[in-house]
Number of protein chains: 2
Amino acid sequence: MVWITRPGKRERLVAAAAELVDRHGVESPTLAQIAQAANVSPGNVYYYFKTREELLAALVEHRRGEVRALLSGLDRRRDPRARLKELAETWAASADEVVEHGCTIGCLASQLTKTHACLAPSAAGLIEELLDWSETQFRQLGHPDARALATTLLGGIQGAAILASVLQDPDLMRREVRRLDRWIDDLGSVDSRSSSLRVLDH
Amino acid sequence: MVWITRPGKRERLVAAAAELVDRHGVESPTLAQIAQAANVSPGNVYYYFKTREELLAALVEHRRGEVRALLSGLDRRRDPRARLKELAETWAASADEVVEHGCTIGCLASQLTKTHACLAPSAAGLIEELLDWSETQFRQLGHPDARALATTLLGGIQGAAILASVLQDPDLMRREVRRLDRWIDDLGSVDSRSSSLRVLDH
DNA sequence: GTCTATATAGCGATAGAC
DNA sequence: GTCTATCGCTATATAGAC
């Protein structure tokens with residue numbers, strides 16, 4: 001899909017919406033506020049998005065791109081175990097932002113699930129992106145229950161993010177990530193002889 | 001504080017707000033909708049609550065009462081380990097509702113933290129209620145790191161609730177609770193000789 | 001493509017009769 | 001205490017000049 005409009009405006013609107021939604025929730029920011037933050041005149045928003053919901057949909061895709069970029073970065077690592085630990089450490093590293101606005105992805109997904117049923121599948125896709133990637137790593141470590149482990153990892157991260165933000169405690173986030181780090185280590189790699197083959201089965 | 005108004009109306013308003021907020025989020029339900037659901041005439045809401053935010057504050061207190069009632073029920077059990085497992089199983093038992101609207105407490109707290117700064121401390125209290133109680137149980141089992149264990153337990157529950165609701169998968173919630181059950185068992189009780197004394201020392 | 005001006009509707013909140 | 005009527009405001013969305 002090619003956009004023949006003046007470059008930047010659409011992207012600025014999405015970025016401004018992403019920022020404001022992250023800070024104040026999905027419902028609070030008005031189109032006027034988003035337009036102002038993006039340095040776009042209020043009425044012009046509707047040239048790019050027919051409805052507010054359409055802007056939210058674009059915002060989710062924007063976040064999906066960020067998630068994919070993050071995971072691509074992690075894929076540079078050789079060791080699946082190191083990849084998984086670095087994923088978790090992403091939340092520890094941004095513990096202060098997590099405390100201020102919660103986990104960007106988790107909050108966005110859970111709010112959209114409640115308030116915009118039609119965006120729920122798209123929001124679920126954001127989480128699935130992380131889940132699928134983690135499952136792949138655990139599978140490469142030879143764990144037959146890779147999906148369950150991925151769920152536990154991501155659930156642990158998301159739960160810690162909720163508690164940290166509600167209780168305003170960045171150390172809580174960091175401590176839980178440290179615990180998940182140890183958990184990943186203690187899992188070891190099952191059947192290390194054929195771990196590379198395990199990727200192929202099922 | 002005694003209310004000399006006709007009994008029921010205030011309570012009905014709070015209950016209706018609780019239900020609608022649980023279903024559609026903190027910001028979406030209008031006072032008109034809440035009043036209608038509570039069978040109260042729209043203008044009459046302001047006799048009981050000066051502002052919308054004041055109604056939300058009452059809603060949080062309503063939830064706090066429910067949390068305390070839940071924990072009191074669990075306290076009837078003799079064994080702290082059984083208490084903790086039954087706490088977790090509360091979410092498994094309501095997995096279908098969790099999938100539909102997320103964890104009532106977790107969603108409420110995390111949304112209020114973002115959208116109503118002045119209610120954030122009150123919302124944090126909701127989570128602390130659960131955390132303090134869990135910490136007490138772990139301490140009675142003789143764990144010196146009881147607070148950290150409580151955080152892990154509640155984080156695991158909240159994270160699973162997010163994933164289950166976003167992915168629309170009740171079994172995910174149930175499986176994670178089962179895992180937490182086993183985790184509680186595997187923790188055992190530290191220094192079981194003096195576990196009852198451990199409650200006393202800090 | 002961009003902007004101003006505005007239509008339309010619904011919100012939270014108030015006033016005042018009963 | 002309860003209700004009706006309504007104020008004042010701001011939201012999303014549209015129309016049309018440029």
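Below, read A as the first sequence line, B as the second, and so on, with proteins coming before strands; counting in each chain starts at 1. These values consider heavy atoms only, across backbone and side chains, with no hydrogens, waters or symmetry-generated copies.
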| Per A:Asn44 side chain, nearest of listed nucleotides D:dT2, C:dC3, C:dT14 | C:dC3

| Rounded distance in Å - CG (A:Leu56) to P (D:dA13) | 10 Å

| query | Between the side chains of A:Thr151 and B:Arg175, is a donor N or O closer than 3.5 angstrom to an acceptor N or O? | reply | no

| Nucleic acid contacts - residues 18-34 of chain B versus DNA chain D, non-hydrogen atoms under 4.0 Å | none

| Does B:His62 offer a backbone N or O that forms a donor-acceptor pair with the side chain of B:Glu66 under 3.5 Å? | no

| remark: Between B:Val40 and A:Lys50, whichever has its closest DNA chain D nucleotide further toward 5' is B:Val40

| field | A:Val26 backbone acceptor or donor facing A:Gln111 side chain under 3.5 Å | value | yes

| said: Taking the basic N atoms (NZ, or NE/NH1/NH2) and the acidic carboxylate oxygens, is any pair closer than 4.0 Å for B:Asp171 and B:Arg174? | reply: yes

| message | Assess, by modelled atom type and distance only, whether the side chains of B:His101 and B:Glu19 contain a donor and an acceptor separated by less than 3.5 Å. | response | no

| Whole-Å distance separating the CG atom of A:Leu13 from the P atom of D:dA13 | 14 Å

| query | Among D:dC3, D:dT14, C:dT14, which nucleotide sits nearest the side chain of A:Tyr46? | reply | D:dT14

| said: Please determine whether a side-chain nitrogen or oxygen atom of A:Tyr47 lies at a distance below 4.0 Å from atom OP1 or OP2 of C:dG1. | reply: yes

| said: Looking at B:Arg63 and B:Thr104, would you say the former's side chain and the latter's main chain have a donor-acceptor pair under 3.5 Å? | reply: no

| query | Pick the nucleotide of DNA chain D nearest each of B:Ser41 and A:Glu53; which residue has the one closer to the 5' end? | reply | B:Ser41

| remark: Among the nucleotides D:dT12, C:dC3, D:dT2, whichever has the atom closest to the side chain of A:Arg52 is D:dT12

| message | Counting only side-chain nitrogens and oxygens, does B:Tyr48 get under 4.0 Å of the OP1 or OP2 atom of D:dT2? | response | yes

